[in-house]
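Worksheet: the structure to be examined is printed underneath.
Numbers for residues simply follow the sequence, beginning at 1. When a ligand or atom number is given, it counts from 1 through the structure's own listing order. Keep in mind the model is a prediction, meaning the values are calculated, not measured.
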Amino acid sequence: MTPSLQLDPQGRLRHLLTTEGLPRPLLERLLDRAEPYARASEAGFKKDPLLTGKTVVNLFFENSTRTRTTFELAAARLSADVVNLHVQASSTAKGETLLDTLKTIEAMQVDLFVIRHEASGAAHFFAERAAPGVAILNAGDGRHAHPTQALLDSFTIRRHKKSFAGLSVAIVGDIVHSRVARSNIHALTTLGVTDLRLVGPTTLMPAGIDQLAPGLSIEHDLMRGLDGVDVVILLRLQKERMVGAFLPSLGEFHRDYGLTAARLARLKPDVLLMHPGPINRGVEISGDIAYGERSVILEQVQHGVAVRMAVMAEILGGSQ
Ligand code: CP
């Protein structure tokens, strides 16, 4: 993934495919740009005319609750026209290819596509083939990237912790299948996190992942990995991507890596508990702490709207 596909020659964002290689000032600018949208929404002012006359199409080839709905709300709150293509009821079910689907909808004078696909690289494939001026936002491609999730996670952390410098962050669980882990590794280390721990069993830890960015370490013991951390990002165990025996059983995973109230009580009193969702209750997290005092899981969802508004405004709305 080259930054040049995402950035124009002046360094402006034209597609968002991955957080890898995005410069820190751009990441900070997107977080700054999300802040007024978040504040306005919290104050009950949800509508902004910025993208009046623009058209956004959501193309979700994989299931989604949070990402799809928040992208739709984000576009609507910026006054864009929004279309959700129902993929199962579309001509892709008759064998129309990804490229023909893109070109057909592009012919309807669309400005921006939001794409989720089970194949790593799908958003990149679209961005390489989109007409000039048509933007592609990656809403999750296979195991590869989920850049707006990483941005909303960073936004949530910054709202609570003010600065990334000096923070210790642990990402726990199914690292090998997680596009969220990869996007967070790139975003958080670029934003200044120097202690980022990947915690999980050997079978769910891809070889060489600690080489992705400086400051990464791997830990297989849960409580050693969580010792002194400021932020815990739990990952969903992605049963649908597991082919073969990654784990003896879900019960054993919960016993060794599940976050429970007793384990949470041993962490810093101001630790942030995060999860991109959807959660597997009783697997990576006990149901009783999912929306408890330390949890910001629903704030992550809420911030998803503001952050996605910021990304669309940055690409389609011109400079501030
Ligand atoms: N976090 C996330 O991507 O959730 P959805 O699959 O519900 O969009």
- Message: I want to check a possible cation-pi pair here: R33 against Y37, using under 6.0 Å from ring centre and within 45° of the ring axis as the test.
- Response: no

- Could R308 and F71 be counted as a cation-pi pair, given that NZ or CZ must be under 6.0 Å from the ring centre and within 45° of the axis? yes

- Message: Within the 4.5 Å heavy-atom criterion, are L5 and H124 side-chain neighbours or not?
- Response: yes

- Query: How about H275 and R236: do any of their side-chain heavy atoms sit closer than 4.5 Å?
  - Reply: yes

- Query: Can you tell me if R266 uses its side chain to pair, donor with acceptor, with the backbone of A262 under 3.5 Å?
  - Reply: no

- Query: Between E62 and R179, does a salt bridge (charged side-chain N to carboxylate O under 4.0 Å, His left out) hold up when you go through it step by step?
  - Reply: CA-CA 14 Å; E62 230 187 31; R179 54 197 179 206; 2.9 Å; yes

- Item | Every residue of the protein that comes under 4.0 Å of ligand 1, judged on heavy atoms | S64, T65, R66, T67, R116, H146, Q149, P276, G277

